[in-house]
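The block underneath contains the structure these notes are about, expressed in structure tokens.
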Amino acid sequence: MVWKAKITNKPERRPFHHLFFPLISIVILTVMAACSISYKLNGASIDYAKTKTIQIDEFPIRSTYVWGPMGPMFNNALKDEFANHTHLQQVKKNGDMVITGEITNYSQRNKSVSSEGYSAQTELSITVNVRFTNNANHSQDFEKQFTATQTYDTTKSLNSVQQQLVEEITKDLVNQIFNATVANW
């Protein structure tokens, strides 16, 4: 038995989707390569072409009640936040952005009362006054007060919880200041 092959001059017709999907893939890849998507995990919106330096002055304590480690703790945390979440160089003077201020209040007050009529919780509060100057865009300049609080059980002494509470309050204050100055929220 002899097999005969059938030879035709007609090209094989491929279905439309064989051409459509590669063409669409090429278009999508081209569009994606042409687009620039910028997402900043730290939330900072700084024009680094205009703003390269930041001056963060020490915040003195102007509160009537003082806890010694509070000042250095706050000042270091504020500087660290900008060092870790921006590309700004920190300078001692003539910064493109300038942050100055003072710690104006460090206080505690009764937050809640127990059924026996005694204080059940106490709230520790820190307030800082901040002056912000953006020498590249003075419309963003401001002077504001920022306050953060933490609550603790009155059965504990302030001395036993003060370090942890001030660290948490400082973190909150630094986040508020960072967002107000460079995140433009």
Side-chain angles (χ1 to χ4, degrees), residues 39-46 48 51-135 140-185:
Y39 185 78
K40 299 172 187 158
L41 294 177
N42 62 22
S45 57
I46 300 169
Y48 289 101
T51 308
K52 298 184 182 337
T53 61
I54 187 165
Q55 172 186 333
I56 304 173
D57 290 349
E58 295 290 317
F59 280 52
I61 300 173
R62 303 271 190 253
S63 174
T64 54
Y65 182 70
V66 176
W67 181 60
M70 174 179 58
M73 188 184 297
F74 173 80
N75 288 308
N76 291 335
L78 185 61
K79 290 175 183 178
D80 288 349
E81 183 76 7
F82 282 87
N84 294 334
H85 294 103
T86 70
H87 298 292
L88 297 172
Q89 178 185 357
Q90 293 188 22
V91 295
K92 297 273 184 201
K93 59 182 181 174
N94 301 324
D96 297 326
M97 292 181 169
V98 179
I99 299 174
T100 62
E102 51 278 334
I103 300 169
T104 58
N105 188 37
Y106 181 71
S107 62
Q108 57 181 338
R109 67 177 183 88
N110 291 333
K111 174 86 175 178
S112 64
V113 179
S114 69
S115 60
E116 293 85 33
Y118 298 106
S119 175
Q121 290 186 320
T122 302
E123 181 179 79
L124 185 65
S125 172
I126 299 177
T127 301
V128 293
N129 187 56
V130 176
R131 289 174 296 282
F132 174 68
T133 305
N134 183 343
N135 291 313
Q140 295 178 351
D141 295 358
F142 66 79
E143 182 170 359
K144 289 185 193 178
Q145 288 196 348
F146 297 90
T147 300
T149 62
Q150 286 291 318
T151 304
Y152 66 97
D153 289 334
T154 305
T155 58
K156 298 177 182 175
S157 72
L158 177 59
N159 287 338
S160 68
V161 295
Q162 191 164 223
Q163 174 83 29
Q164 178 187 351
L165 295 175
V166 171
E167 286 174 1
E168 292 170 9
I169 291 170
T170 296
K171 184 177 180 179
D172 186 4
L173 286 169
V174 165
N175 285 332
Q176 289 179 50
I177 295 166
F178 183 85
N179 288 336
T181 55
V182 297
N184 296 325
W185 287 11

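Of the options I103, V128, T104, N105, a side chain to side chain contact (heavy atoms under 4.5 Å, CB included) to I61 is made by I103 and by none of the others. The residue from Q108, K111, Q162 that alone fulfils the side-chain hydrogen bond (donor to acceptor under 3.5 Å, both in side chains) condition with Y152 is Q108.
Rounding to the nearest 0.5 Å places CZ of R131 at 4.5 Å from CD of E102. Remark: E81 CD to L78 CG distance equals 8.0 Å, nearest 0.5 Å. The CH2 atom of W67 lies 6.0 Å from the OH atom of Y106; values are rounded to the nearest 0.5 Å. Note that CD of Q90 and CZ of F82 are 8.5 Å apart. Values are rounded to the nearest 0.5 Å. Taking CE of M70 as the reference point, atom CD1 of I169 lies at 9.5 Å (rounded to 0.5 Å). Here CG of N134 is found 5.0 Å from CD of Q140. Values are rounded to the nearest 0.5 Å.
Closest approach of T170 and F74 over heavy atoms only: CG2-CA, 3.7 Å. Taking both residues in full, the closest heavy atoms of Q176 and A148 are given as NE2-CB, 4.0 Å, listed atom of the first, atom of the second, then distance. When all heavy atoms of L88 and T51 are compared, the closest pair comes out as CD2-O, 3.5 Å. Contact between M73 and V166 at its shortest, heavy atoms only, is SD-CG1, 3.6 Å. The nearest pair of heavy atoms linking G101 to P60 is O-CD, 3.2 Å. Considering every non-hydrogen atom in both K52 and D96, the closest pair reads N-OD2, 2.7 Å.
Side-chain atoms of T122 and L158, non-hydrogen and from C-beta on, never get closer than 4.5 Å to each other. Side-chain contact between F59 and T100 is absent, with no heavy-atom pair separated by less than 4.5 Å.
Between the side chain of S63 and the backbone N or O of V66 there is no donor-acceptor pair closer than 3.5 Å.
Both tests pass for K144 against the ring of F142: distance under 6.0 Å to the centre and angle within 45° of the axis.
Looking only at atom types and distance, the side chain of S125 has no donor-acceptor partner in the side chain of S107 under 3.5 Å away. Side-chain atoms of E143 and N129 form a donor-acceptor pair, as typed in the model, at a separation below 3.5 Å.
Legend: residues meeting ring pair (Phe, Tyr, Trp, His ring centres under 6.0 Å) with F146, ordered by chain and number and at least two apart, are absent.
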Next item on the list: For N135 and V98, run side-chain contact (heavy atoms from CB on, under 4.5 Å): C-alpha distance rounded to whole Å, both residues' side-chain angles, the deciding distance at 0.1 Å, then the answer.
Entry: CA-CA 8 Å; N135 291 313; V98 179; 4.1 Å; yes

Notebook entry, point to check: Run the side-chain contact (heavy atoms from CB on, under 4.5 Å) check on T86 and Y48 step by step: do they pass?
Noted result: CA-CA 10 Å; T86 70; Y48 289 101; 3.5 Å; yes

Next item on the list: Could you go through the side-chain contact (heavy atoms from CB on, under 4.5 Å) check for Q145 and V130 one step at a time?
Entry: CA-CA 6 Å; Q145 288 196 348; V130 176; over 6 Å; no

Next item on the list: Starting from the C-alpha separation in whole Å, work towards a yes-or-no answer on side-chain contact (heavy atoms from CB on, under 4.5 Å) for D57 and Q55.
Entry: CA-CA 6 Å; D57 290 349; Q55 172 186 333; 3.0 Å; yes

